[in-house]
Asks: 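Below are the C-alpha cells for one structure; questions will follow.
A quick note: this is a predicted structure, and the numbers were derived from the prediction, not measured.
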Amino acid sequence: MRAPELAGREWINTGGERLRLADLRGKIVLLDFWTSGCINCLHVLDELRPLEAEFADVLVTIGVHSPKFLHEGEAAAIEAAVRRYEVHHPVLNDPDLTTWSQYAVRAWPTLVVVDPEGYVVHVAAGEGHAEALRRVLIELTEKHTIRRGGSPYVPLEEAESLLRFPSKAITANGHLLVADTGNHSIVELDGERLVRRFGTGRRGEPFTEPSGLALLPPEVAERAGYHAVVADTAAHLLQGLNLDTGEVTAVAGTGEQWRNGESDGDARKVDLTSPWDVVWWNDAVIVAMAGNHTLSAFDPVAGTIRRFAGTTVEGLRDGDASEAFFAQTSGFAVTPGRLWLADAETSALRWIDESSTVHTAVGIDLFSFGHRDGDAAEALLQHPLGLAALPDGSIAIADTYNGAVRRYDPATGQVSTVVTGLAEPSGLVLHGDDLLVVESAGHRITPIAADGTESVEGDAHAVRRPPSVLAPGELEFSVVFTPPPGEKLDDRYGPSTRLEISASPPELLVEGAGVGTDLVRRLRLAEGITEGVLQVVAQAASCDSAAEHPVCRVTRQDWGVPVRLETGGDAVLELMMAGTPAG
C-alpha cells in the first residue's frame, strides 16, 4: 500500500521544518508510533538507537507521537519527553490521532517501514523487533537505489541545570538522595547544595535513567554491604549504593531486558524489565517492574528475587496478588499493614494488604482519567507516578499529568487537591516538616504545604482511540506474525506461539477467554453489552533458519482493544504483531 502523507500539528527536532514523505523519496523511512508515558514505547526508543547508527546514511526515523493522555498531546510535554529520553530523530505531534488512523495503528508502540518508493512494506507492533527490522532494512538496501546522506534531524538546544528530569528522592542521613534521571546519576543534596554525585553523568556510567530509590534497614545494609537500592530503569538493573565508599554494584538483573522465562531465582541471573521504583516492605525490597506490569520481591542478603504480584497482563484487576492485573506501577508508599502503589497507565491508586490481596482506592480502567476530587469511587487521576505517606495516615499522590499533588484519606474515602501548577511531579518525600515534590519537567525539588487543600470538579476523560465496531456473537480473531527474513518459527520444543485473551468487563467475552498456543481463535461476544475492552497478549518465538546454532528471540505484544458492539458490526478482528500488510 502507498504510505499516507504525515499529518499532525507541531514538528520537533527539525528546526521548525515540516517534513513530507514525498521529500524523503529514495530514503527508507521508519515511523515509530509512540507516546511518552508508555513503557514499551521507551523500550523501542532504546532498541532503535543501534539501528539508527548503523543505517544512518539511508534511514530516516520519524517518531509519530500519538498521545494516550491529554497531557501527552501538549507540545511542551512532547518536547520535554524528547529531551528526557534523548530522542535524536524528528518527531511529529499527532494529537488527534490523524496519522495513527491513516496507518490503521491499533497499539503503542507500532513500527511501520516505508520503502524508498513510498510503499509500506513492513509493520510490527510491540517491542523486540530490532533484529527483524535490521534484516528488513538490509533487504531494502539491496533491492532499491538509495539516496544516501543528509538528515532532517535538528537537535533542540539544551540548557544546563544541576538536576535534569529528576524522578524520585529519599532522605538519608539528613540529606536528600535524588535520582537525577536525565543526568544518569544519583545526587546527594544538603538543601540546595550539592554534596556528592554518584555516577559520571554519562549514560551507563554506571546508571542509565535511574528512577526509584530505597534505603535499607541498618542491619540489612550491614549484611548486604550497601545502604540503598537504586532502580536503574533503562539498564534493567537494581544497583546497590554504598554511601560510605560511593561504590555502586549491580545486585539484581543481567542487564538484558526480560521478555520471557524465569522471574525467580538468583537475582544476578534473572532478567528484569524497567524497574521504576523500589521500597522496603515486609522484609524485602519490593520492585515495581513497570516493563511487564508486575511486582517483584528482592532479598538483598540472600541475593534472590521472585515475582510477588501480577501476571504480566496490563490492566486493573483486584484480588489475590498472584492473579491481579497491574499497569505500569511507578510509585510506592508504606503505611502500617499496607503497601500503596501508583499504577500509571490505569491512573489508579491501589494497595496490597498483609494477606497479599490487592485493592483499588481510586481508578477505573486503562482508558479513564481526569482531575476530579470527592468520593474515591468517582475521583479521577491522570498518570500518577509518585506517592508519600503523610503523618495523618493519608496518602499524597504525585498526579503527574495533571501537574498536581492530590491527597487520599483512607479514613473518609475522600480525594482532594493539595496544589496545582507543577511541572510533571513524579516523586514525593517527607523531609522534616516539608513535603518535597520532585518536579521532573521543572528540573527541581519544590517544598509545599502538605495541609493545603482544594476541591476540583474536572471533567472525566477517556482515551480517544477509535473503537473496533464488532457484532455480538461469534468473532473470528487472529494475530498475524510473519517471521522476519531469514527466520522461522521455533517449534523444536513444542508450540512456538502463545495467545492469552481476557476482557473488561469479563462478561463481554462469553467464550474464548484464556491461554492457548494458536494465534487464531473463535470468540463469542455477549449480547446486551455495548462496549468494553479485549485484552490480548501474544508472543511468538523465531530462530535463524539456516544457522547450525541459531539465534532465537521472543516477540511479544499486549493490546487493549476498545470495542463497541453493534448489529451489523464486523465478525472478524485481526491484529498484526509483525508482517507485511496486505493491499
Asks: Quick test of your reading of the model: are Arg564 and Glu531 salt-bridged, counting only N-O distances below 4.0 Å?
Replies: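 Salt bridge absent between Arg564 and Glu531.
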
Asks: Taking Ile364's backbone N and O only, do any of them form a donor-acceptor pair with Ser368's side chain (distance below 3.5 Å, no angle check)?
Replies: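 Checking the backbone N and O of Ile364 against the side chain of Ser368, no donor-acceptor pair under 3.5 Å is found.
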
Asks: Tell me whether Asp46 is salt-bridged to Arg203, with the criterion being a basic N under 4.0 Å from an acidic carboxylate O.
Replies: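 Result for this pair is yes, salt bridge flagged.
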
Asks: Is the shortest side-chain N to carboxylate O distance from Arg25 to Glu117 below 4.0 Å?
Replies: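 Salt bridge between Arg25 and Glu117, a charged N being under 4.0 Å from a carboxylate O: no.
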
Asks: Ring centres of His443 and Phe165 under 6.0 Å apart?
Replies: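 Between Phe165 and His443, which both carry aromatic rings, the centre distance is below 6.0 Å.
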
Asks: Salt bridge check: are Glu424 and Arg84 linked by an N-O gap of less than 4.0 Å?
Replies: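 Here Glu424 pairs with Arg84 in a salt bridge, since their nearest N and O are under 4.0 Å apart.
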
Asks: Would you mind telling me which of Glu72, Glu74, His71, Gln382 makes a side-chain hydrogen bond (donor to acceptor under 3.5 Å, both in side chains) with Tyr401?
Replies: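 Exactly one candidate clears the test, Glu72.
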
Asks: Between Ser426 and Thr400, which heavy-atom pair has the shortest distance, and what is it?
Replies: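 That closest heavy-atom pairing would be OG-CG2, 4.0 Å.
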
Asks: I'd like to know whether Thr417 forms a side-chain hydrogen bond (donor to acceptor under 3.5 Å, both in side chains) with Asp373, so could you lay out the CA-CA distance, the side-chain angles of the two residues, the decisive distance to 0.1 Å, and finally the verdict.
Replies: CA-CA 7 Å; Thr417 296; Asp373 291 324; 2.7 Å; yes

Asks: Considering all heavy atoms of both residues, which atom of Gly37 and which atom of Gln328 are nearest to each other, and what is their separation?
Replies: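 Result for this residue pair: O-NE2, 2.7 Å.
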
Asks: For a side-chain hydrogen bond (donor to acceptor under 3.5 Å, both in side chains) check, start with the C-alpha distance between Ser167 and Ser440, then their side-chain angles and the critical distance, and finish with the verdict.
Replies: CA-CA 6 Å; Ser167 54; Ser440 187; over 6 Å; no

Asks: Just by modelled atom types, is the Arg147 backbone N or O under 3.5 Å from a matching donor or acceptor in the Lys27 side chain?
Replies: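 A pair under 3.5 Å: yes.
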
Asks: So how far is it from Ile397 CD1 to Leu385 CG, rounded to the nearest 0.5 Å?
Replies: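 It is 12.0 Å, given to the nearest 0.5 Å.
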
Asks: To the nearest 0.5 Å, tell me how far Trp559 CH2 sits from Leu534 CG.
Replies: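 So the CH2 of Trp559 and the CG of Leu534 are separated by 12.0 Å.
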
Asks: Are the charged groups of Arg83 and Glu79 less than 4.0 angstrom apart, N to O?
Replies: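 Yes.
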
Asks: Could you measure the distance from the CG atom of Leu489 to the SG atom of Cys543? Nearest 0.5 Å is fine.
Replies: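 Here the rounded value is 9.0 Å.
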
Asks: State the CH2-CG distance between Trp34 and Leu48, to the nearest 0.5 angstrom.
Replies: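 If we round to the nearest 0.5 Å, Trp34:CH2 and Leu48:CG are 11.0 Å apart.
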
Asks: How long is the gap from CZ on Phe325 to CG on Asp365, to the nearest 0.5 Å?
Replies: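 Here the rounded value is 13.5 Å.
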
Asks: Looking at Pro206, is its backbone amide N or carbonyl O close enough to the side chain of Gln239 to form a donor-acceptor pair, meaning the two atoms are under 3.5 Å apart?
Replies: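 Yes: the side chain of Gln239 pairs with the backbone of Pro206.
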
Asks: Walk me through it: do Asp232 and Thr208 pass the test side chain to side chain contact (heavy atoms under 4.5 Å, CB included)?
Replies: CA-CA 6 Å; Asp232 199 6; Thr208 308; 4.2 Å; yes

Asks: Start with the C-alpha distance between Glu439 and Thr446, add both sets of side-chain angles, then the distance that settles side-chain hydrogen bond (donor to acceptor under 3.5 Å, both in side chains), and finish with yes or no.
Replies: CA-CA 7 Å; Glu439 286 192 82; Thr446 303; 2.5 Å; yes

Asks: Show the numbers, then the answer: is there a salt bridge (Lys or Arg N to Asp or Glu O under 4.0 Å) between Glu131 and Arg135?
Replies: CA-CA 6 Å; Glu131 180 57 29; Arg135 295 179 187 223; 3.2 Å; yes

Asks: Only one of Arg556, Gln257, Gln557 forms a side-chain hydrogen bond (donor to acceptor under 3.5 Å, both in side chains) with Glu127, so which one is it?
Replies: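 Exactly one option meets the side-chain hydrogen bond (donor to acceptor under 3.5 Å, both in side chains) with Glu127, and it is Gln257.
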
Asks: Distance alone, cut at 3.5 Å: any donor-acceptor contact between the side chains of Ser468 and Arg106?
Replies: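 Ser468 vs Arg106: donor-acceptor pair found between side chains.
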
Asks: To the nearest 0.5 Å, tell me how far Thr35 OG1 sits from Ile78 CD1.
Replies: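 If I round to the nearest 0.5 Å, the distance is 8.0 Å.
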
Asks: Determine the minimum heavy-atom distance between Asp343 and Gly315, stating which atoms define it.
Replies: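 For Asp343 and Gly315, the tightest heavy-atom pair comes out as OD2-O, 4.5 Å.
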
Asks: Carefully, step by step, assess Leu137 and Leu59 under the rule side chain to side chain contact (heavy atoms under 4.5 Å, CB included).
Replies: CA-CA 8 Å; Leu137 295 176; Leu59 176 68; 4.1 Å; yes

Asks: Under 3.5 Å, side chain of Thr346 to main-chain N/O of Ala327, donor-acceptor pair present?
Replies: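 Checking the backbone N and O of Ala327 against the side chain of Thr346, no donor-acceptor pair under 3.5 Å is found.
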
Asks: Would you say the ring centroid of His122 lies under 6.0 angstrom from that of His129?
Replies: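 His122 vs His129: aromatic centres not under 6.0 Å.
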
Asks: So if I apply the side-chain contact (heavy atoms from CB on, under 4.5 Å) rule between Val537 and each of Val479, Val313, Leu499, which one comes out positive?
Replies: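 The single option meeting the side-chain contact (heavy atoms from CB on, under 4.5 Å) with Val537 is Val313.
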
Asks: For a salt bridge (Lys or Arg N to Asp or Glu O under 4.0 Å) check, start with the C-alpha distance between Arg134 and Glu52, then their side-chain angles and the critical distance, and finish with the verdict.
Replies: CA-CA 10 Å; Arg134 184 175 183 275; Glu52 292 178 278; over 6 Å; no

Asks: For residues His383 and Phe69, establish whether the separation of their ring centroids is below 6.0 Å.
Replies: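 Yes, ring centres under 6.0 Å apart.
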
Asks: Between Lys143 and Asp115, does any NZ, NE, NH1 or NH2 come within less than 4.0 Å of an OD or OE carboxylate oxygen?
Replies: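 Looking at Asp115 and Lys143, the cut-off is not met.
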
Asks: Do the ring planes of His43 and His236 sit parallel (below 30°), tilted (30 to 60°) or perpendicular (above 60°)?
Replies: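 Because their plane-to-plane angle is over 60°, the rings of His43 and His236 count as perpendicular.
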
Asks: Under 3.5 Å, is there a donor-acceptor pair between the side chain of Tyr103 and the main chain of Pro4?
Replies: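 Flag set: sc Tyr103 to bb Pro4 pair under 3.5 Å.
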
Asks: Measuring centre to centre across the rings, with the benzene-like ring taken for any Trp, is Trp100 within less than 6.0 Å of Trp108?
Replies: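 Ring centres of Trp108 and Trp100 closer than 6.0 Å.
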
Asks: Can you name the one residue among Asn260, Thr312, Leu272 that meets side-chain contact (heavy atoms from CB on, under 4.5 Å) with Asn292?
Replies: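 With Asn292 as partner, Asn260, Thr312, Leu272 yield a single side-chain contact (heavy atoms from CB on, under 4.5 Å), made by Thr312.
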
Asks: Is there a side chain to side chain contact (heavy atoms under 4.5 Å, CB included) between Arg406 and Val418? Walk through the geometry before answering.
Replies: CA-CA 5 Å; Arg406 314 280 292 282; Val418 178; 6.0 Å; no

Asks: Answer yes when Glu205 and Arg202 have at least one side-chain N-carboxylate O distance shorter than 4.0 Å, and no when they do not.
Replies: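 Yes, charged N to carboxylate O under 4.0 Å.
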
Asks: Go through it in stages, so that I can follow the logic: the residues are Val187 and Leu194, the test is side chain to side chain contact (heavy atoms under 4.5 Å, CB included), and I'd like the CA-CA distance, side-chain angles, deciding distance and then a yes or no.
Replies: CA-CA 7 Å; Val187 297; Leu194 175 64; 3.9 Å; yes

Asks: Check this for me: does any side-chain nitrogen of one of Arg197 and Asp180 sit under 4.0 Å from a carboxylate oxygen of the other?
Replies: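 Asp180 and Arg197: salt-bridged.
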
Asks: Using the benzene-type ring in the case of Trp, are the ring centres of His461 and Phe369 under 6.0 Å apart?
Replies: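 Centroid distance His461-Phe369: below 6.0 Å, so yes.
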
Asks: For Ser185 and Asn183, does a side-chain donor sit closer than 3.5 Å to a side-chain acceptor?
Replies: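 No, because no side-chain N or O of Ser185 sits under 3.5 Å from a partner of the opposite role on Asn183.
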
Asks: Work out which heavy atom in Val469 is nearest to a heavy atom in Glu566; give both atom names and the distance.
Replies: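 Val469 and Glu566 have their closest heavy atoms at CG1-OE1, 3.7 Å.
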
Asks: Evaluate the side-chain hydrogen bond (donor to acceptor under 3.5 Å, both in side chains) criterion for residues Gln535 and Ser502: first the C-alpha distance (whole Å), next the side-chain angles of each, then the deciding distance (0.1 Å), finally the verdict.
Replies: CA-CA 5 Å; Gln535 295 161 318; Ser502 58; 3.0 Å; yes

Asks: Quick one: closest heavy-atom pair of Gly8 and Arg18, and the distance?
Replies: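 Where Gly8 meets Arg18 most closely, the heavy atoms are O-NH2, 3.5 Å.
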
Asks: Is any side-chain N of the basic residue among Arg164 and Glu158 closer than 4.0 Å to the acidic one's carboxylate O?
Replies: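 Salt bridge present between Arg164 and Glu158.
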
Asks: What I'd like to find out is whether the side chain of Val563 reaches to under 4.5 Å of the side chain of Leu508, using heavy atoms alone.
Replies: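 Counting from C-beta outward, Val563 and Leu508 do come under 4.5 Å.
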
Asks: Which heavy atom in His371 sits nearest to a heavy atom in Asn402, and how many Å separate them?
Replies: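 Between these two residues, the closest heavy atoms are CB-ND2, 3.5 Å.
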
Asks: Taking CD in Gln102 as the centre, count heavy atoms belonging to other residues, nucleotides or ligands within less than 6.0 Å. Is the count above 12?
Replies: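 Check passes, neighbour count above 12.
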
